Amino acid sequence: MSTKAKIDVHHVTRVEGHGNIVVDVDQGKINKIEWQVPEAPRFFEAMVVGRPYDEIATITSRICGICSIGHTFASLKATEAAMGIEIDEITFKLRELLLHGETLQSHILHVCYLAVPDLVRVSSVVPLVETHRDVVLLVTKLHRLANELCNVIGGRTTHPIRARIGQFSMYPTKKELQELKNRLTDSVADLKTLAGFVKSIAGAIPDFTRETEYLAMTNKKDYAFYDGPLTTTDIGGKTIPVSEYKSVVNEFVVPQSTAKYGKFNRESFMVGAIARYNNNYKQLTALSAEVGQMLGLNGVSHNPFHNNIAQVVESVFAVERSIEIIDWLLDQDLVYRKKEIKVKAGNGASAVEVPRGILFHEYTYDDKGICQAANCVIPTNLNHNNIQKDMEALVPQFLDKGEKELQFLLEMLVRAYDPCISCSTHYLDVTFKK
Amino acid sequence: MEILKISLSDFLAHVNKKIQAGDSKQVGVVPKGSHFVFGELDEAAQLCLDYDVTILPPKKYFQPQREVLVKYAPKDASSYAMVNDCENLTLIGVHPYDLVAIHLMDRAFSEGERDENYMAKRDCSVLIGLYPTRGFEHRFSASMIDPQMPYKVADLMLIKLDDNQLALEVVSKKGKAYLEGAAVAKSDLSEAFLAQARNKVKDSQAFPLGPDKSPAYFKEKYEHPVWEKLGEKCYSCGSCVFVCPTCYCFDVRDEVELSLASGERVRYWDGCMIESFAICAGDHNFRKERGARFRHRVFRKTVTLPEKYQVMGCVGCGRCAQACTADIAGPMKVIKTMKEMN
Amino acid sequence: MGNCQCQSNTKGSSIYLPEIARITRKKLMTDVDCFFEFEMEKRPLGHKYGQFVEISIPGIGEAPISISSAPSSSKKFEMVIRNVGELTSVIHGLNIGEAIGVRGPYGTTFPMDDLKGKSLLYITGGIGLVPARSAILHSLANRNDYKDITILFGCKDPSQRIFVDELSEWEKRPDVNFLETVDTAANSNWKGNVGVITTLMPKLQNVNPDNTVAIVVGPPIMYKFVIMSLHDMGFTDDHIVVSLERRMKCGVGKCGHCQINHIYVCQDGPVFYFSDIKDLKEAI
Amino acid sequence: MSAKPKVAFFDFACCEGCQLQIANLEEDILGLLGLVDLVEFREVMTGTAPEYDIAFIEGSITRKADEERLKDIRNRAKILVAYGQCAVTGGINKLKNLHSDMMEVRKIVYKDKAAMEHLDTYPTRAVGDVVKVDLIIPGCPINKDEFVSIVKQLALGKIPRIPDYPVCVECKLKENVCRYDEGEICLGPIARAGCGAICPSNGVACDACRGTVSNPNKQAMHEVLAKYNLTVDEIIGKINIFAVDPEVSK
Ligand SMILES: Cc1cc2nc3c(=O)[nH]c(=O)nc-3n(C[C@H](O)[C@H](O)[C@H](O)COP(=O)(O)OP(=O)(O)OC[C@H]3O[C@@H](n4cnc5c(N)ncnc54)[C@H](O)[C@@H]3O)c2cc1C
Ligand code: SF4
Ligand code: SF4
Ligand code: SF4
C-alpha cells in the first residue's frame, strides 16, 4: 500500500484559466493538500467605476468568454434593478432562450472536449478524432447548433451584441426561428445518442461522495436559469431574495489559500449543474429526467463527478425548453421598436445561473448613470472551497491507488467542476510553496 | 412605345406568378428599418413601390460584392478554369437615375476588353423601372440625367398613377415577354397626363453643370483649396464609393479552401477613397492625402466619365451625401463649399 | 444557378482566365532580382517593346510584370522579377518546367517605329532597365534605323546591377554610348561612376535635344529629377517617353487601381509621352 | 513552410473568449489540424513542446512573472502572433490603467486586503509592449473566419494582411442602416474593419473592439462627437473601451 504522494500539477490542463494542485503526503501523513489559483487578477470592479451605465455590460461580459452571455444578463439585470427598468415578455423570453443556448454550448464543450477524455483516458479530444470520429462529429454538430442559437438570438456566439439594457437591439426573423426550431427538434435524437455514449463510458466515473450544501436559483414555474430567488439543499425549500445574496455567499479570505471563498450553512458549498439538479430536479422535463436516470442520477447526488452527468441532463433540458420558447415567439408580433431608457441613481443586484453555477452582479449608479461601485461574484470562486474540501476527502480515500492515479483523479475532480478560472475578478495570487 | 395600364393588385399578382414559376429571381425594393434596400422577394406583398432611395444601388446584382472569376487547384497553373455564374433576374422598381447608372456601367464593362462576368449578368436581367413617388432630400438627379437615357436599359417603366393604378411603358421585347399573362389593358392616357405623372416629385436642388461643361469647369479647379478643406474631414471610409451606382472599382484576391485542394480568384468591391487603394510596390502611395483622394473621386464623376462617355458620372442619386458621416461627400456640397470659399 | 438561359453569346470566354507558360530558364541576378525565360504553352506571346503581362500563381495572386525581351515570333519571352511580396517570392521559388499563369500582353509600347531616324537616349534606374531592355534590344538589332544610341543605367550599389553581361557588351560596342553609375559603392571594388543617375547627364556631349528622344524608366522618385535635367538639356516634353508603374488588379482598364485622372496606366500606358501626362499631378 | 508547422496556443490575462472562437470552428478544426501540427494548447490538451513555428498569444501582461513566461515563449517561437484585443492593445484590461495608482485599483476590489503581496499588479501591457510581435489578429473577440484565413495564408507561405480601413466599409457592404441615422454615436469611421461590421449589423454602434485603422482621422471624429455634445472626457471614454491608440483619445 502506498503511503507516499508528492503531486505538484502546475497549471491543470483542460480547464479554462490556470489552477494548481499541490499534495504532499509522507508516511501516510498528510502534510499538504492545496488547490491554488494563480490566474492574474483583472480588477473588473475597478474598471467599471466611473463609466456610463450603457458600457458596463460590454465590459463585464469580458470577465469570461465562456459565460459571456450569463455575465451580460447578470450585468443588464443589475443595472435594470438599479434604475427600475422593466423588460417586456419578448425580451424576457429571448434572454431565457439565449441563456439556454449558452448552457448547451458550454455543457457540450465541457463534457465532450474536456471531461470525456478523462473517462476514455486520453490526453485530449484530438486522439478521439481518430478513435471516436462519429462521436466527435456528433459533438461538433451539437456545439455548432448551440452556437448558432446564440448567434441568431444574440448576434454573436460570444459576447452577445443584441442583448441591451431593457431590450434587444434586433429580433431574429421568424424564418430564422423556424429554422432553429427544426434543427433543435432534430438534435434531440443526437443528444440521446450522445447520452448513450456517455453511459457506455460512465463506469469510469469515480465512486466518491462527500455531502455538502448545494446552492442554486429556484422558482416555482421552472427549472431555474434566468430568474428566481436563491435556495440551498440545507434550508429545506425556503428561499432567499437575490438582493440578500451577500448573506448567502459570505465571501471570505482564508490564510492557506488565495481565492476568496464562500460558505453558508456548512464549511463549504457547491454551485453548478449538480447544485441546480439537486435543488430543482423535480422540475425537469420528462426526457431530461429520463436521461438522468439512464445515467444513474436519481435525485440528490453527493458525488461531485456527477456534475458532468447533470450537464448532460441540462443539455437535454435546454433543447426542450428552447423549442417551447421558440414556439411561443413564433406566435408573437416580432416587429422591433427601440425603447428609450430613463437613467436613475440607484443600487441593484442580480443573479443568473450560468453553466458553472450561480453568478451575481451588483452596481451602484449616480443620477447621471455613472457607475460608482460594482461587485461581481463568480461561480468558480464559490466552488473553490468545495474543491479544496473534496480534495481533502479524496486523497486519503484513494491514496492506495498510487501517486499517478491519485494525481489523475485530482485533476479529473477539478475538471468535473468545470472551473472557469479566467473569471478572475476575485482571485488572489499564489505564492508557490515547494 | 406601347403604353399599358394595370392595377397595382394585378401587377403584384403577376409578380407572385413569376415568383412561383421560379425560373427567374424576382428582386424588388423592400424596407430595412427606416431605409430601403433591393432584396429578393418571397412574395409580391413585400414589394415597395413608394420609396426614397435604397442604401445600395442595384449594381450589387451585376457586379456582386464577391464574385468568383477563376477557380483552380493551388499552385498548379494548368488547373485554371473560368467561372461565370449568372442567373435570371428581374429587378422591379429601379429609379431612372439608377437606370442611367446601369447604362454607364454597361459601357464601362463592354467597351474595350469586354467583361463577360458583368455582361452575362446583365444579359440575363430584366429591368423594370419606376418613376419616383417620394422625394429625397439629397437627390438632384433631374439636373444630372438625360430623361431619355433610362430607356436605353429599362425593359419596362412603371408610372404610379395613384394608389391602385400603374401605367406601364413597354420598352423592349424582354419587357413585353415579362408581361405575358398579366392583366394589362391598353392605356387611354394622354402624353401630357403621363408626363405629369412621371414628374410628380421635384428635386429641391440642381447641379449647375452638364456633361458638356463640367469637365472643363472642374479641371480648372484642380488646385482649388476645396479639396483639402473637405478632405481634412474625410475618414477614408469608402462609404461614398460603395453606395455610388457608378463606382465599379474592384480588388482581386486569391482564396483557397481549408484543405488547400482548391481555390478561387475572387473579385471584391474596392474604392479609391480607401487609403491603401493606390499603394504600389515599395509602399509608395500615389494618392496619400485625403484631399487628393477626395478630388480623384469627384473628378471621376465630373471629368473622367463625362469626357469618356459624354454622360455625367454622377447621376444625382444623393446616396453619397446621405452615407457620409462626415457630411462632405455629396457633389452638391462640393459645389456649395467651392462657392462659399470664393 | 443552373437555371440561367443567359443570352450572353460570348459567355464561354473570360478576360480574367490566364494562359499557361512554363519556366525554361532561370538565373538569380541580384539578391532580389531573378531573370526568367518562359515559354507559352499554346501560342507566341506576340508582345511589343514596353508591354507587360499579368502573371499569376493559383492561390497566391496576380501582378503586372514587364516583358524584357525584344518582340519575337517565338513562344519564348523573358522577364526579371524582383522579390518584393507574396507572388514574387513564390515565383522566385519555382523551378524550371513549372507553370505560371499569363494574361496579356497589355499596355502601350515604346514608339520605336515613330522614332526611326532619331537618336535615342535611354535613362534607366534599377529594374527600370527591364522594360527598357525590350526596346534597347530592338534598337540594337535594328541599329541602322536609329542615329545615336545612348544608354544610361544607374542602381543603388554594384550588387544591384542586372544583365551585367549585356551591360559590358553595350559598353564595348562602338555604336553605343553607354554610361553607368551606382548610388553608393562602399564595401566594394567598384571602379566606375558613383552618384545618382542625374550625375551622368552632364557627361553627355553632342546630344541634340531636337532630334533625340529620351526613354526614361525607373523608380517613382527618379522621374522628377531626370526630367528636370532633361529640361535643362533642352528636351521638350514631347521628346521624353516614360513608363509608369501603378498597382493593377485587372490590367484591362476596369479595376481603377492604376487610374490617374482620366488615364488608366494599364491601357493608356504604361508608356507615355511626358507631354501627355505632365499635367497629371499624381502621375510622377 | 513545407512540413506542417508546429503550432501552440498560450493565454495570459483575458477572458479566453478568443480561444473559444477557435473551439467554435467546429468541423473546421479538423481541417485546421490537417494544416498544422498542434503541439501545445493547455485548455484542450495535455502536452508541451520545446519550440514552435507559430505561437498564438492571447491575453495581456499584468505581472512580472507573466512577462518572463512570454519572453520564454518568444525565444522558442519562429512566428509570434498576438491574437485578440487583450494581446494586441491590452484590450479591456487596460481600463485599469486609467486609474493613476495601482494600489487604488487593488483597494477597489480587495478593500482592506489590497496590500497583500500576491495581489501585485502593474499597468496592463499588450504583448507587443513586452516582446516583438510578427502578426496581430485584433478583435474582442477575434473573428474566427479571419483566424482561419490567416492560418491558411501562413500555411501557403503568404504574408497575411489584416484590413486597414474603417468598419464603415464593411457596414456599407452589409447594407446596414447607419447608426448615425438612428441618432447614435458609432466609432465605425475610425475603427479597424475585419469583423464584418458585426455590431452595426446587429443594430448596435461600433465600439472599435479591433482598435483603429493605422491612420484614423481623429480630428474629424472629435468634431463629429462634439456635435453630439460629448465632452472631451466622454469622447476619450467612448473611444478607449478597447484600449485603442491612446493618441486617438487625446
Ligand atoms: C506595368 C508594370 C510593370 C512592372 N514590371 C515589373 C517587372 O518587370 N519586374 C518586377 O519585379 N516588378 C514589376 N512591376 C511591379 C510588380 O507588379 C509589383 O512589385 C507587384 O506588386 C509584385 O507583387 P507581389 O504579389 O509579389 O507583391 P505584393 O505582396 O503585392 O507587395 C508589393 C508591395 O505592395 C505592398 N502592399 C501590397 N498590398 C498592400 C496592401 N493591401 N496595403 C498596403 N501595402 C500593400 C507591399 O508591402 C509591398 O511593398 C511592374 C508593375 C507594373 C504596373
Ligand atoms: S463617405 Fe465621406 S468620410 Fe467616407 S470616404 Fe467618402 S467622403 Fe470620406
Ligand atoms: S456621386 Fe453621389 S450622388 Fe452622384 S451618383 Fe454617386 S452616390 Fe449618387
Ligand atoms: S453604422 Fe457605424 S460603421 Fe456603419 S456606416 Fe454608420 S458609422 Fe460606419
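Only heavy atoms go into these numbers, but all of them, side chains included; no hydrogens, no water, no symmetry mates. Note that the coordinates shown come from a computational prediction; the quantities given were computed from them, not determined experimentally. Just so we're on the same page: letters track the sequence lines, and every chain starts at 1.
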Heavy-atom distances under 4.5 Å only: say whether [X] touches chain D with side chain, backbone, both or neither.
X	result
I274(B)	side chain
V37(B)	both
S276(B)	neither
E232(B)	backbone
F38(B)	backbone

For each of [options], tally heavy-atom pairs with chain D at distances under 4.5 Å, and name the one with the top tally.
options	answer
K32(B), M273(B), R290(B), Q322(B)	R290(B)
S239(B), S236(B), S34(B), G238(B)	S239(B)
P74(B), G33(B), C234(B)	C234(B)

Treating E40(B) as the side-chain partner and Q26(B) as the backbone partner, does any N or O pair qualify as donor plus acceptor under 3.5 Å? no
Can any side-chain N or O of N143(D) pair as donor or acceptor with the backbone N or O of D145(D) at less than 3.5 Å? yes
Return the orientation label for the F9(D) and Y83(D) ring planes: parallel under 30°, perpendicular over 60°, tilted otherwise. perpendicular
May I ask you to decide if the ring planes of Y80(B) and Y72(B) are parallel, tilted or perpendicular, using 30° and 60° as cut-offs? perpendicular
Taking [X] first and then [Y], would you say they form a salt bridge - that is, a charged N and a carboxylate O separated by under 4.0 Å?
X	Y	value
R66(B)	E255(B)	yes
D327(B)	K227(D)	no
D115(B)	K121(B)	no

How close do P245(B) and V315(B) get, heavy atom to heavy atom, and via which atoms? CG-CG2, 3.7 Å
Of all residues at least two apart in sequence or in a different chain, which pass the side-chain contact (heavy atoms from CB on, under 4.5 Å) check with A205(D)? R179(D), E184(D), C186(D)
Chain B contacts, top residue of [options] (heavy-atom pairs, under 4.5 Å):
options	result
V148(D), D181(D), V167(D), D164(D)	D181(D)
G188(D), C168(D), P189(D), P166(D)	P189(D)
E223(D), K152(D), E182(D)	K152(D)

For R192(D) and Y165(D), test the side chains for any donor-to-acceptor distance below 3.5 angstrom and give the result as yes or no. no
Region of [X] in contact with chain B, defined by heavy-atom distances below 4.5 Å:
X	value
D28(D)	both
E175(D)	both
L35(D)	side chain
Q153(D)	neither
V177(D)	both

